[in-house]
Amino acid sequence: MPQTNDALPRVRSPRGQAVAIPRFALYGEVATPGQDILHIEDVQSRSRLHHWEIQPHVHQGLYQILWLQRGSAEVVLDEWRASVTGPAAIVVPPGVVHGFVFAPETDGLVLTLSVRFLVEGDFQAVGDAFRSLFSAPGVLHFSTDDGEAQRLSVQLGELAAEFNLPGSADAPVVQWLARAVVWRLARASAQGQREGSEAPPHQALFTRFLLLVEQHFLEHWPLERYASHLGLSTQRLNRLVRAGSGRSALELVHERLTREACRRLIYIAAPAASLALELGFEDPAYFSRFFKRRTGLSPQRWREAQRGPTA
């Protein structure tokens, strides 16, 4: 558990007390940058343990959607406060202080998406929707007889069911369902169903950086080029990325490149030297050193380890 002493920033909780702001992964869990692509759980599983009150806290590198199906909650999003009744979606970008006091037996789901969800797979197809939805914290309101609210409820229920199947947390169907939820909520946001605070400028810049990484990581852009495209200095870019993810800008770029290397080593039966060239490394030996520094194994050893023992 992170320390919550007087040295940490303080904010008013939904009930009005001044409380320190801890940094968590999921609420109550150790704050480390999210590695998994997504997580989903029902509102009651965590809030009931805390007497229906989730104290103000903040996540780095995690995007959250709280789907309030039935019941109500007193909501804090940075300096913005409101009483929200379901059905509603509460959108929480990284770095936004948020807390809730739920009415007992409130029903809903909490979907948490990591930076990996934003930059991996076929994200470009819904990139604009993601950027729009998480541009600022806020609440999307729906009426109880709204067909879109019913479809969202069904979709999130299916997502939770798929996520909880053994070995399915990273499965494509889970990611497809999550992207569909993001797209539906972004459409509702564009139709004026949203209220909340203004978008912080750093959030939009952080999202733009992640999209640039996905577009250009195979070209091995230097950090100066990323910063220039965003109108920033490299120092400011690093501060921005650390605030959003807990890691440096170069670490995020290298992490994306390493995951792509791992994926190709598993699914493409080509020599590691050939894959090195596809990944933008002119020198296969340098690629091998880079990969070993990141994973602890050479590309060939890592590939063999993933195959497991042969008969």
Side-chain angles (χ1 to χ4, degrees), residues 25-26 32-40 61-63 111-127 130 158-182 209-222 226 241 245-311:
L26 297 176
T32 55
Q35 297 299 312
D36 294 331
I37 287 183
L38 64 83
H39 180 274
I40 188 168
L62 296 177
Y63 301 77
L111 173 61
T112 303
L113 306 169
S114 78
V115 167
R116 279 185 59 193
F117 179 88
L118 178 57
V119 299
E120 283 201 358
D122 59 355
F123 171 74
Q124 292 301 310
V126 290
F130 196 104
E158 291 177 349
L159 172 56
E162 289 286 344
F163 177 82
N164 287 313
L165 291 175
S168 294
D170 244 6
V173 68
V174 171
Q175 297 175 46
W176 295 334
L177 285 167
R179 288 184 170 93
V181 168
V182 167
F209 168 72
L210 294 174
L211 292 172
L212 281 174
V213 170
E214 183 63 16
Q215 292 164 358
H216 301 290
F217 73 94
L218 290 176
E219 301 168 41
H220 293 240
W221 274 20
Y226 284 109
V241 175
S245 70
R247 287 164 287 177
S248 71
L250 188 61
E251 174 69 13
L252 280 186
V253 174
H254 283 177
E255 182 180 283
R256 180 65 183 97
L257 191 56
T258 303
R259 288 199 303 273
E260 189 65 23
C262 291
R263 183 179 290 118
R264 296 191 186 201
L265 285 166
I266 291 175
Y267 294 110
I268 300 177
S274 297
L275 294 181
L277 294 174
E278 293 179 12
L279 292 164
F281 291 89
E282 296 181 2
D283 180 0
Y286 178 71
F287 166 64
S288 184
R289 292 194 298 272
F290 169 85
F291 190 87
K292 187 171 184 179
R293 188 168 64 249
R294 299 283 307 172
T295 67
L297 295 172
S298 70
Q300 186 60 34
R301 292 278 189 181
W302 190 91
R303 176 183 263 169
E304 291 169 357
Q306 302 312 302
R307 290 173 177 167
T310 56

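Hydrogens, waters and symmetry mates are skipped; everything else that's a heavy atom, side chains included, is used.
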For side chain to side chain contact (heavy atoms under 4.5 Å, CB included), just list the numbers for Leu265 and Gln306, CA-CA rounded to whole Å, side-chain angles, deciding distance to a tenth of an Å, and then say yes or no.
-> CA-CA 9 Å; Leu265 285 166; Gln306 302 312 302; over 6 Å; no
Next on the checklist: With a 3.5 Å distance limit and no angle check, can you tell me whether Thr295 reaches the backbone of Phe291 through a side-chain donor-acceptor pair?
Outcome noted: yes
Of all heavy-atom pairs linking Leu159 and Val174, the shortest is CD1-O, 3.3 Å
Flag if over 12 foreign heavy atoms under 6.0 Å of CD, Glu219 = yes
**Asked** How are the rings of Phe281 and Tyr286 set to each other: parallel, tilted or perpendicular (split at 30° and 60°)?
**Response** tilted
Are Tyr63 and Val182 side-chain neighbours, meaning at least one heavy-atom pair lies under 4.5 Å?
no
Candidate pair Lys292 and Leu297, rule side chain to side chain contact (heavy atoms under 4.5 Å, CB included), full reasoning:
CA-CA 5 Å; Lys292 187 171 184 179; Leu297 295 172; 5.7 Å; no
With side chain to side chain contact (heavy atoms under 4.5 Å, CB included) as the test, would you mind laying out the steps for Leu252 and Leu210 before giving the verdict?
CA-CA 9 Å; Leu252 280 186; Leu210 294 174; 3.9 Å; yes
task: Determine, stepwise, if the pair Arg179 / Phe130 fulfils side chain to side chain contact (heavy atoms under 4.5 Å, CB included).
output: CA-CA 8 Å; Arg179 288 184 170 93; Phe130 196 104; over 6 Å; no
Heavy-atom closest pair (Ala276 atom, Pro284 atom, distance to 0.1 Å) is CB-CA, 4.1 Å
### Task
Please examine the side chains of Leu257 and His220, heavy atoms only from C-beta on, and report whether any two atoms are closer than 4.5 Å.
yes
Output for pair (Gln175 CD, Leu38 CG), nearest 0.5 Å, gives 6.5 Å
Distance col, row Glu255:CD vs Ser248:OG, nearest 0.5 angstrom, shows 10.0 Å
To the nearest 0.5 Å, atom CD of Glu260 lies from atom CG of Leu275 at 10.0 Å
Between Glu251 and Arg294, is there a salt bridge with N-O shorter than 4.0 Å?
yes
Within the 4.5 Å heavy-atom criterion, are Arg264 and Leu279 side-chain neighbours or not?
yes
So CD of Glu162 and CH2 of Trp176: to nearest 0.5 Å the spacing works out to 10.5 Å
Sequence neighbours excluded, the answer for ring-ring contact (aromatic ring centres under 6.0 Å, His included) partners of Phe217 is none
So CZ of Phe290 and NE2 of His254: to nearest 0.5 Å the spacing works out to 5.0 Å
Note: Leu277 and Glu282 closest approach over all heavy atoms is CD2-O, 3.9 Å
| Ring centroid separation Tyr226 to His216 under 6.0 Å | no
Rounded to the nearest 0.5 angstrom, the CG-NE2 distance for Leu62 and His39 is 11.0 Å
- Task: Determine yes or no for a side-chain-to-main-chain donor-acceptor pair under 3.5 angstrom, with Ser274 supplying the side chain and Ala270 the backbone.
- Result: no
